[in-house]
Amino acid sequence: MSVSHHGARHVAIIMDGNGRWAKKRHLPRVAGHRAGVEAVRNIVRAAGEMGLEAMTLYAFSSENWKRPEEEVSDLMGLMKRFILSDLDEFAANDVRLKVIGDWRRMAPDVVSLIEGAIERTAGNKRTTLAVALNYGAQDELVRAAKAAAAAGEISAEAIEANLDTADLPPLDLLIRTSGEVRLSNFLLWQSAYAELYFTDCLWPDFRPADLQAALDHFARRERRYGGL
């Protein structure tokens with residue numbers, strides 16, 4: 001695999017702005033989510049081409065259940081279709097699917113679809129696409145601390161080893177679209193030394209060129225990890 005010039009191995013994205021994108025066009029919110037799925041496809045393809053080893057996408061937070069029932073069921077339907085329609089492409093592009101969060105508590109049909117997709121892509125090696133579903137970072141930290149305590153001692157290393165992302169490279173860059181400047185309970189531990197990049201671009205409008213711009217920006221930053 002060619003090593004990328006930007007030096008980033010793992011990028012995470014808070015995909016924000018589907019609703020606003022739809023509203024600007026006088027379309028229902030589900031149209032924004034549909035356009036958002038299209039953006040995911042393009043960005044996942046680009047991630048492999050840009051030499052990223054891992055990309056983590058915030059798809060559905062544990063707080064998203066509070067949205068109107070119709071919107072939640074639209075999102076679930078879209079997710080099922082995405083998994084079903086994109087599995088062949090994952091196989092063709094050597095993408096391994098990983099799901100983080102408390103996803104096993106989702107509807108049984110969603111859980112079995114996800115299990116099948118994870119199994120089918122388990123041998124793929126080019127890029128790992130980690131999708132955060134029913135995910136909240138505080139919940140993840142509680143689960144990791146419990147697992148660490150059950151195994152013996154709670155230390156930073158033990159918590160890290162029990163995070164949902166334990167088998168991924170450290171997070172280099174976290175991107176949030178649509179002008180919001182907060183982490184929204186996403187990858188709190190992993191973001192400790194990650195570079196943060198905020199853009200006003202709404203998620204459905206986010207293109208591979210925007211990802212490249214974020215990576216170029218990352219490549220210019222000097223990371224000190226708290227040192228001088």
Side-chain angles (χ1 to χ4, degrees), residues 1-22 24 32-33 35-61 90 93-98 100-101 125-132 135-137 140 160 163-228:
M1 190 180 84
S2 63
V3 174
S4 50
H5 73 278
H6 47 70
R9 297 169 66 201
H10 181 185
V11 172
I13 307 180
I14 300 174
M15 308 178 290
D16 203 1
N18 291 350
R20 264 169 288 174
W21 183 91
K24 263 172 64 176
H33 293 312
V37 168
E38 216 34 65
V40 168
R41 285 197 176 109
N42 293 331
I43 292 303
V44 172
R45 266 182 219 134
E49 287 158 14
M50 292 175 189
L52 290 173
E53 287 173 48
M55 174 166 271
T56 302
L57 301 179
Y58 204 6
F60 194 88
S61 79
F90 284 176
N93 290 305
D94 210 12
V95 175
R96 174 176 80 105
L97 180 68
K98 178 182 172 63
I100 65 170
K125 292 189 168 59
R126 185 187 191 190
T127 310
T128 296
L129 170 64
V131 180
Y135 175 88
E140 177 191 31
E160 195 139 297
L163 292 173
D164 294 353
T165 54
D167 63 335
L168 298 178
L171 181 63
D172 292 306
L173 172 65
L174 186 140
I175 298 168
R176 182 166 190 154
T177 59
S178 91
E180 303 296 335
V181 185
R182 56 181 178 272
L183 291 177
S184 296
N185 199 17
F186 184 54
L187 301 183
L188 297 179
W189 181 285
Q190 296 86 338
S191 297
Y193 287 105
E195 295 292 328
L196 307 179
Y197 180 89
F198 299 98
T199 170
D200 290 333
C201 179
L202 301 177
W203 174 249
D205 294 328
F206 193 82
R207 302 281 180 266
D210 299 299
L211 175 59
Q212 189 60 62
L215 288 168
D216 291 345
H217 186 81
F218 171 82
R220 290 195 298 273
R221 290 192 188 181
E222 192 184 328
R223 302 173 79 198
R224 296 195 177 90
Y225 300 99
L228 291 173

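Predicted, not measured: the structure shown is a model, and the values here were computed from it. All residue numbers refer to positions in the sequence shown, counting from 1.
The backbone N or O of Leu202 sits nowhere less than 3.5 Å from a side-chain atom of Thr177 that would complete a donor-acceptor pair. Side-chain N or O atoms of Asn185 include one that pairs as donor or acceptor with a backbone N or O of Ala137 at under 3.5 Å. Side chain of Arg176 to main chain of Val181: no donor-acceptor pair is present (N/O by atom type, distance under 3.5 Å, no hydrogens or angles). Looking at Asn42, its side chain never comes within 3.5 Å of a backbone N or O of Arg207 through a donor-acceptor pair.
Closest approach of Ala22 and Gly32 over heavy atoms only: CB-N, 3.8 Å. Between Leu173 and Ala214, the shortest heavy-atom distance links the atoms CD2-O, 3.9 Å. The two residues Ile13 and Phe206 come nearest to each other via the heavy atoms CD1-CE2, 4.4 Å. Residues Ala12 and Leu187 come closest through the heavy atom pair CB-CD1, 3.5 Å. Looking at every heavy atom in both residues, Gly36 comes nearest to Asn18 through CA-OD1, 3.8 Å. Smallest separation of non-hydrogen atoms from Thr127 and Gly48: OG1-CA, 3.3 Å.
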Checklist entry - Are Glu195 and Leu174 close enough, and set up right, to give a side-chain contact (heavy atoms from CB on, under 4.5 Å), and what steps lead you there? => result CA-CA 6 Å; Glu195 295 292 328; Leu174 186 140; over 6 Å; no

Checklist entry - How far apart are the C-alpha atoms of Thr165 and Ile100, what are their side-chain angles, what is the distance that settles it, and do they pass the side-chain contact (heavy atoms from CB on, under 4.5 Å) test? => result CA-CA 7 Å; Thr165 54; Ile100 65 170; 4.2 Å; yes

Checklist entry - Passes salt bridge (Lys or Arg N to Asp or Glu O under 4.0 Å), Arg96 versus Asp167? Steps please. => result CA-CA 12 Å; Arg96 174 176 80 105; Asp167 63 335; 3.2 Å; yes

Item to check | side-chain contact (heavy atoms from CB on, under 4.5 Å) between Leu215 and Met50, worked out | outcome: CA-CA 9 Å; Leu215 288 168; Met50 292 175 189; 3.7 Å; yes

Item to check | CA sep, side-chain torsions, deciding dist, call: Asp216, Gln212, side chain to side chain donor-acceptor pair (under 3.5 Å) | outcome: CA-CA 6 Å; Asp216 291 345; Gln212 189 60 62; 3.0 Å; yes

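In this structure, a donor-acceptor pair under 3.5 Å is present between the side chains of Glu140 and Gln190.
In this structure, the separation between CD1 on Ile14 and OG on Ser178 is 9.5 Å, given to the nearest 0.5 Å. The structure places CG of Asp200 at 12.0 Å from CG of Asp205, a figure rounded to the nearest 0.5 Å. Note that CG of Leu196 and CG of Leu183 are 6.0 Å apart. Values are rounded to the nearest 0.5 Å. If you take CG on Leu52 and CG on Leu211, they are separated by 6.5 Å, rounding to the nearest 0.5 Å. The OG1 atom of Thr128 lies 6.0 Å from the CG atom of Leu168; values are rounded to the nearest 0.5 Å. To the nearest 0.5 Å, atom CG of residue Leu57 and atom CD1 of residue Ile43 are 9.0 Å apart.
Taking the six-membered ring where tryptophan is involved, the planes of Tyr58 and Phe186 are essentially parallel, since the angle between them stays under 30° and well short of 60°.
Under a 4.0 Å N-O distance rule, the pair Asp164/Lys98 does not qualify as a salt bridge.
Residues meeting the side-chain contact (heavy atoms from CB on, under 4.5 Å) test with Pro169, sequence neighbours left out: Arg9, His10, Glu53, Ala54.
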